[in-house]
Amino acid sequence: MFGNLLIWFVIVPVLMMAGLACCGNSNMKAIRTVMVTGSIVLLAMAIWLVVSFLSLRGAGDTSEMLYMGSWMWYAPLNIHLAVGVDGISVLMLLLSAIIVFAGTFASWKINPLPKNFFLWFCLLSTGVFGFFISIDMFTMFMFYEVALIPMYLLIGVWGTGRKEYSAMKLTLMLMGGSAFLMLGLLGIFWHGTPEGVAPTWNILEISHYASIDPSWQRLLFCFTFVGFGVLGAMFPFHTWSPDGHACAPTAVSMLHAGVLMKLGGYGCFRIAIFLCPQAANELAWIFIILTGVSIVYGAFSACVQTDLKYINAYSSVSHCGMVLFAILMLNTTAMTGAILQMLSHGLMTALFFALIGMIYGRTHTRDIRQMGGMMKIMPYLGVCYMIAGFASLGLPGLSGFVAEMTIFFGAFQDADLFHRIFVIAATTSIVITAVYILRVVGKLILGPVQDEHHLTLTDASWWERLSTATLIVCLAGIGFFPNWISETISSSFAPIIAALNGVI
């Protein structure tokens, strides 16, 4: 087991928690040493995994999953600790490692109780990494819950504003989604194998059997897609997201919006569509309507906000709606765009929340009506915010352009009137996004100074520069060199497209 690299993506955060437990509550040097060391190890592992994965693919290894391993966990229910990755999983692990690394430095001076904060932060990271490496549905669901549970305390204790209300609202709504998801997974477990074959939780085995009756598929597809869609902020189950993001501490907002919400999109295609392909073909139109509303509603809502975090939170509803919208187009191009959007939005929104936290830490306000002239006061943070904004509105050369163009190109491949109408409606979000991004940049960054006390504020410190620069380099990297990423993604969709076409 311990010879499998993927297992170490779970072990390292656990070791980080053990190291933190040994640190004194006020020993910031030791706490930072544990977090920095652990986050660097995770990032190095993720980079090595990507390089190794690409070399194996380049050498001709066409296996559905690589680095697979399976160990019996609970025999009576045939639950295994089964792991494996394809190109999509590998990129999600890299995204998670980058944001954990950046979030560590963004929380360099977290107060109060820094040790406890980072313990819960590491537990959240454990759930995220475990989810992306799992190919056993029960194990995946377990890690999914591990990732959700810490959010209540991280927001309720270290958050701002109506933190208790937001933490409770987020927890109840996501747990409600988990109830739907659990029903769907249990149904797939019992109906996913032919008669006479022992039920299995293994996603690959269930997909190869392809034995779920179409009538059951319709019900199970709805349960699983809604269950994961709640975490993906799908309308009308999105209301937890703006409040949760607005009240969460900086690093938690970064990890939550940057990675945790991606569990929703990842689960939708890995389980709902892959294992219930006939129902996906029949019922996708229902969820296309809901996700189309998410895209436009989220963008319009962002336009009328004055709180920086709420602007970014509603923007995330729109962008994550675009991920689910693209997945439901059920073709390789649009799905590839969905994963590119997950990567782009993960990096972009993490950068936004990091910058908002840094600005709030200095000005003690997130109201754009009370701020202005940031380019004069904090030029580095001002430039970084503009870059994040340009990535959000899809400026060529940054990741947002590559992702959105791939989504719309793929979505427009469906020639029927229904799909074309909703694709055209979704493209209006580009214009709406430009409105609220340019409004904020013009007011916050380039506008006149509103408060003379802000003139004495300092620019970014070295740890803040390291955090933001890491994310900006990645945003530009995807924008300038998207080919290897899109090729890695599109090849991994082959089994799902084959299932949708009834080949397996």
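One-based numbering along the sequence shown.
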Undergrad: What is the distance from atom CG of L475 to atom OG1 of T468, rounded to the nearest 0.5 Å?
TA: 11.0 Å
Undergrad: State, without any angle test, whether T139 and H80 hold a side-chain donor-acceptor pair at a distance under 3.5 Å.
TA: no
Undergrad: Set out, in order, the CA-CA distance, both residues' side-chain angles and the distance that settles ring pair (Phe, Tyr, Trp, His ring centres under 6.0 Å) for F180 and F237, then state yes or no.
TA: CA-CA 13 Å; F180 278 99; F237 310 108; 7.4 Å; no
Undergrad: Roughly how far, to the nearest 0.5 Å, is the OG1 atom of T427 from the CE atom of M405?
TA: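 Result: 9.0 Å between the selected atoms.
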Undergrad: Just how far is it from atom OG1 of T332 to atom CD1 of I489, taken to the nearest 0.5 Å?
TA: 12.0 Å
Undergrad: Any Lys/Arg nitrogen of K309 or D307 sitting under 4.0 Å from an Asp/Glu carboxylate oxygen of the other?
TA: no
Undergrad: Between the main-chain N or O of C303 and the side-chain N or O of R439, is there a donor-acceptor pair closer than 3.5 Å?
TA: yes
Undergrad: Checking side-chain polar atoms at under 3.5 Å, does S315 have a donor or acceptor matched by the opposite partner on N312?
TA: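 There is no such pair (donor and acceptor under 3.5 Å, judged by atom type) between the side chains of S315 and N312.
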Undergrad: Hey, mind stepping through F352 and Y385 against ring pair (Phe, Tyr, Trp, His ring centres under 6.0 Å) and telling me if it holds?
TA: CA-CA 7 Å; F352 264 131; Y385 198 96; 5.2 Å; yes
Undergrad: For L393, which of L438, I430, V435 qualifies under side chain to side chain contact (heavy atoms under 4.5 Å, CB included)?
TA: L438
Undergrad: Does the ring centre of F9 sit less than 6.0 Å away from the ring centre of F132?
TA: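 No; F9 has its ring centre 6.0 Å or more from that of F132.
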Undergrad: Testing the 3.5 Å rule here: is there a donor-acceptor pair between the side chains of S429 and S318?
TA: no
Undergrad: Please check this pair: side chain of T433 against backbone of A299, looking for a donor-acceptor N/O pair closer than 3.5 Å.
TA: no
Undergrad: Distance only, no hydrogens: is a donor on one side chain within 3.5 Å (strictly under) of an acceptor on the other, for Y266 and S89?
TA: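 Yes, because at least one side-chain N or O of Y266 sits under 3.5 Å from a partner of the opposite role on S89.
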Undergrad: Roughly how far, to the nearest 0.5 Å, is CD of E145 from CE of M182?
TA: 9.0 Å
Undergrad: Quick check: F269 with F493 (ring centres under 6.0 Å apart)?
TA: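 Ring centroids of F493 and F269 are less than 6.0 Å from each other.
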Undergrad: Please lay out, stage by stage, how F408 and F412 fare under the test ring pair (Phe, Tyr, Trp, His ring centres under 6.0 Å).
TA: CA-CA 6 Å; F408 293 132; F412 215 68; 9.5 Å; no
Undergrad: Please determine whether side-chain contact (heavy atoms from CB on, under 4.5 Å) holds for the pair W240 and L172, giving the CA-CA distance in whole Å, both sets of side-chain angles, and the decisive distance to 0.1 Å.
TA: CA-CA 9 Å; W240 61 269; L172 290 177; over 6 Å; no
Undergrad: Looking at CD1 of I206 and CZ of F274, how far apart are the two atoms once the value is rounded to the nearest 0.5 Å?
TA: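 That separation rounds to 10.0 Å.
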Undergrad: Do S399 and S344 pair up side chain to side chain, a donor and an acceptor below 3.5 Å, judged on atom types alone?
TA: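 The criterion, which ignores hydrogens and geometry beyond distance, is satisfied for S344 and S399.
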Undergrad: State the CG-CE distance between L351 and M254, to the nearest 0.5 angstrom.
TA: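 Interatomic distance, L351 CG to M254 CE, rounded to 0.5 Å: 8.0 Å.
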Undergrad: Donor-acceptor pair, distance only, cut-off 3.5 Å: does the side chain of T428 make one with the backbone of I424?
TA: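 Pair absent, no side-chain N/O of T428 close to backbone of I424.
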Undergrad: Whether the side chain of D243 engages the backbone of Y165 through a donor-acceptor N/O pair (distance < 3.5 Å, no angle test) should be reported.
TA: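 Pair absent, no side-chain N/O of D243 close to backbone of Y165.
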Undergrad: Can you check ring pair (Phe, Tyr, Trp, His ring centres under 6.0 Å) on H256 and F353, steps first, answer last?
TA: CA-CA 10 Å; H256 191 193; F353 278 122; 9.1 Å; no
